[in-house]
Amino acid sequence: ICRELSKRVKLPQYNTIDDVVTLLQNSNNIIVLTGAGISTSLGIPDFRSKTTGLYSQLQHLGLSDPQEVFDISIFREDPTIFYSIAKDILPSTSTFSPTHAFIRLLQDRSKLLTNYTQNIDNIETHAGILPSKLIQCHGSFATATCLECAYQVPCSAIYTDLKSGRVARCDRCVQSLRQAKPTGGGIKRKRSYGGLPPKSHKKKREDYEDSTDEDEDYEVAVAGVMKPDITFFGEDLPDAFSQRLTLHDRDKVDLVLVIGTSLKVAPVSEVVGFLPRETPQVYISREACSHVDFDVDLLGDCDVVVAELCRRLGWELKHEMIPHES
Ligand code: CNA
């Protein structure tokens, strides 16, 4: 009850951008909680921005709810839905935004406790955020795993499939299908049709009997589906998320920066309320977050806001997207 009451009382002493500058100067255990908004300047759409967000572009898939693209039970039923849009959120760049550079700067200045990112683009790694400082709450595109046999590969192995919108299949499953195949080769192919094929297909089926290409097509078509190791709705978050938060960070944190997220996806949306209320909480995003009462809202483009914070702090934030003062 005390926590709930205190949550409603805004800490009075922090209101302005200069208060945030002072907080940044004095804090040494900062939690930075990030979302898709920190990567939009790199051309990766977020989910919920009104005209540019992925959800507004998904109407054509005929889904009742665009979140279904990332629903694990729907993925298991029909992975083509996810694969048809994966290329839109797949990072094709190893660059990072000024906001990623800012988080790296906090790390270099020994001020970063943990960067909890909801992003799956793995760009924090390109920016040099150390694995020991990074929790990828929703996994990432760095690796992919077979739903059938749990074989894991780096995502580079299925990159071509992701880019072309084709469902990636497991190499190891393809191999074992080949090894299990009887020498005649025809039995498995016939099972796939579940009975006699329509007459019009007969010639084609006969052709299959001697066709290596068709054998390969079949083997690939029934092999295990590769799923990038991102956390879909309906899947558990990595254990490291709650372990780090409860056992490592909660008692140490002295400042919370929430950047570029609508805070609408649980359980990450509950992190701010879970941390001690006496810890100052700052929100940096384009629009205010109506369901969380932050001490300070710095509204605007996050790259611009962090550049301005660094300018006032006298910290050099090196990035090609930030104009240099002459
Ligand atoms: P969201 O719900 O789309 O919210 C993004 C927020 O950022 C919105 O409130 C925007 O107004 C704001 N925003 C967008 N661009 C900027 C900008 N340049 N400066 C400041 N604010 C900006 O996305 P969330 O991250 O809150 O939702 C969590 C989802 C999104 C996670 O499951 C992610 O996996 C998922 N996602 C990740 C990526 C990525 O990895 N880059 C891309 C798209 C979606």
Side-chain angles (χ1 to χ4, degrees), residues 32-58 65-72 75 82 85-103 115-127 129 134-143 155 162 227-238 241 257-272 282-292 294 296-309 319 321-322:
V32 183
L33 174 57
T34 46
I38 74 162
S39 296
T40 53
S41 61
L42 302 171
I44 303 172
D46 64 6
F47 275 174
R48 295 180 183 79
S49 281
K50 281 195 187 75
T51 49
T52 52
L54 199 63
Y55 286 172
S56 75
Q57 296 164 27
L58 286 180
D65 177 352
Q67 294 192 35
E68 289 177 2
V69 170
F70 299 96
D71 185 305
I72 189 60
F75 183 86
F82 168 78
I85 63 98
K87 62 181 176 311
D88 299 328
I89 48 167
L90 186 68
S92 55
T93 168
S94 55
T95 55
F96 47 86
S97 73
T99 305
H100 292 97
F102 171 71
I103 301 165
N115 177 194
Y116 290 88
T117 182
Q118 297 167 91
N119 292 349
I120 50 183
D121 55 27
N122 204 32
I123 290 175
E124 296 81 6
T125 307
H126 300 309
I129 309 298
L134 182 65
I135 298 290
Q136 293 179 306
C137 308
H138 296 160
S140 88
F141 267 113
T143 54
C155 245
L162 285 164
K227 175 184 161 291
D229 292 331
I230 59 182
T231 309
F232 278 45
F233 292 109
E235 288 190 297
D236 287 338
L237 271 66
F241 165 71
L257 298 182
V258 178
I259 314 180
T261 170
S262 62
L263 280 184
K264 290 202 173 135
V265 179
V268 175
S269 55
E270 291 155 16
V271 166
V272 175
V282 177
Y283 185 63
I284 302 174
S285 203
R286 280 194 180 135
E287 289 162 31
C289 179
S290 56
H291 56 286
V292 182
F294 287 93
V296 188
D297 289 333
L298 298 179
L299 301 184
D301 188 300
C302 56
D303 292 340
V304 175
V305 173
V306 299
E308 177 59 16
L309 285 170
H319 196 283
M321 284 158 71
I322 300 174

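Each ligand, and each atom within it, is numbered from 1 in the order the structure gives. Numbers for residues simply follow the sequence, beginning at 1.
Using a 4.0 Å cut-off to heavy atoms of Ser285, the atoms of ligand 1 that qualify are 7 (O), 9 (O), 12 (C), 20 (C), 21 (N). The Gly260 neighbourhood of ligand 1 comprises atoms 5 (C), 6 (C), 7 (O), with distances under 4.0 Å to a heavy atom of that residue. Heavy-atom proximity to Arg48, at under 4.0 Å, picks out these atoms of ligand 1: 1 (P), 2 (O), 3 (O), 27 (O). Close approach of ligand 1 to Asp301 is summarised as follows: ligand atoms under 4.0 Å from at least one heavy atom of the residue are 18 (N), 19 (N). Of all the atoms in ligand 1, the ones that sit under 4.0 Å from a non-hydrogen atom of Gly300 are 19 (N), 20 (C). The ligand atoms of ligand 1 that sit less than 4.0 angstrom from a heavy atom of Gly35 are 25 (O). Listed by number with element, the atoms of ligand 1 under 4.0 angstrom from any heavy atom of Ser39 are 41 (N). Each of the atoms 37 (C), 39 (C), 40 (O) of ligand 1 lies under 4.0 Å from some heavy atom of Asn119.
Below 3.5 Å of separation, one finds no N or O of Ile89 facing any N or O of ligand 1. In terms of N/O distances under 3.5 Å, ligand 1 is approached by Thr261. The N/O atoms of Lys264, backbone and side chain alike, include none that comes under 3.5 Å of an N/O atom in ligand 1. Between Pro45 and ligand 1, no pair of N/O atoms sits closer than 3.5 Å. Looking at Phe47 next to ligand 1, an N or O pair under 3.5 Å apart turns up. Remark: ligand 1 and Cys302 share an N or O pair separated by less than 3.5 Å (distance only, no angle test). Geometrically, ligand 1 and Asp121 share a nitrogen or oxygen pair separated by less than 3.5 Å.
Using a distance-only test at 3.5 Å, with no hydrogens or angles considered, a donor-acceptor pair links the side chain of Tyr283 to the main chain of Thr261. Looking only at distances, no side-chain donor or acceptor of His291 sits under 3.5 Å from a matching main-chain atom of Lys264. Without hydrogens or angle criteria, Ser97 side chain to Ile38 main chain gives a donor-acceptor distance under 3.5 Å. When atom types are taken as modelled, the side chain of Asn119 and the backbone of Gly35 share a donor-acceptor pair closer than 3.5 angstrom. Asn115 places no side-chain N or O within 3.5 Å of a backbone atom of Leu134 that could act as its donor or acceptor partner. With hydrogens and angles disregarded, no donor-acceptor distance shorter than 3.5 Å links the side chain of His100 to the backbone of Ile129. Side chain of Gln136 to backbone of Gln118: no donor-acceptor contact under 3.5 angstrom is found. Using a distance-only test at 3.5 Å, with no hydrogens or angles considered, no donor-acceptor pair links the side chain of Asp297 to the main chain of Leu299.
Protein heavy atom at the shortest distance from atom 21 (N) of ligand 1 is Arg286 N, 3.1 Å. Atom 40 (O) of ligand 1 has as its closest protein heavy atom Ile120 N, 2.8 Å. Scanning the protein heavy atoms around atom 13 (N) of ligand 1, the nearest turns out to be Gly37 CA, 3.6 Å. Protein heavy atom in closest approach to atom 18 (N) of ligand 1: Thr40 OG1, 3.1 Å. For atom 34 (O) of ligand 1, the closest heavy atom belonging to the protein is Gln118 O, 3.0 Å. Ranking protein heavy atoms by distance to atom 4 (O) of ligand 1, first place goes to Ser262 N, 3.3 Å.
With a 6.0 Å radius and a threshold of 12 heavy atoms from other residues, nucleotides or ligands, Glu287 has its CD atom at or below the threshold.
Between Tyr55 and Phe47, the two ring planes are parallel [angle under 30°; tilted spans 30° to 60°]. Using cut-offs of 30° and 60° for the angle between ring planes, the Phe232 and Phe82 rings count as tilted.
With a 4.0 Å cut-off on non-hydrogen atoms, Ala36 touches ligand 1 through its backbone as well as its side chain. Only side-chain heavy atoms of Ile44 come within less than 4.0 Å of ligand 1; its backbone N, CA, C and O stay farther off.
The residue among Leu54, Ile284, Asp46 with a heavy atom at the shortest distance from atom 10 (C) of ligand 1 is Asp46.
Contact check for Val305 versus Ile259: no side-chain heavy atoms found under the 4.5 Å cut-off.
For Thr117 and Thr34, the side-chain atoms include at least one donor-acceptor pair closer than 3.5 Å.
Contact annotation: Gly53 has no heavy atom less than 4.0 Å from any atom of ligand 1. Note on ligand 1: His138 sits in its first shell, one or more heavy atoms being nearer than 4.0 Å. Residue contacts with ligand 1 do not include Cys289, since none of its heavy atoms lies under 4.0 Å from the ligand. Under a 4.0 angstrom heavy-atom cut-off, Ser41 registers as lying outside contact with ligand 1.
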Test side-chain hydrogen bond (donor to acceptor under 3.5 Å, both in side chains) applied to Asp46 and Thr40, step by step = CA-CA 6 Å; Asp46 64 6; Thr40 53; 5.8 Å; no
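Between Glu235 and Lys227 there is a salt bridge, since a side-chain N of the basic residue sits under 4.0 Å from a carboxylate O of the acidic one.
Interatomic distance, Leu263 CG to Phe294 CZ, rounded to the nearest 0.5 Å: 5.0 Å.
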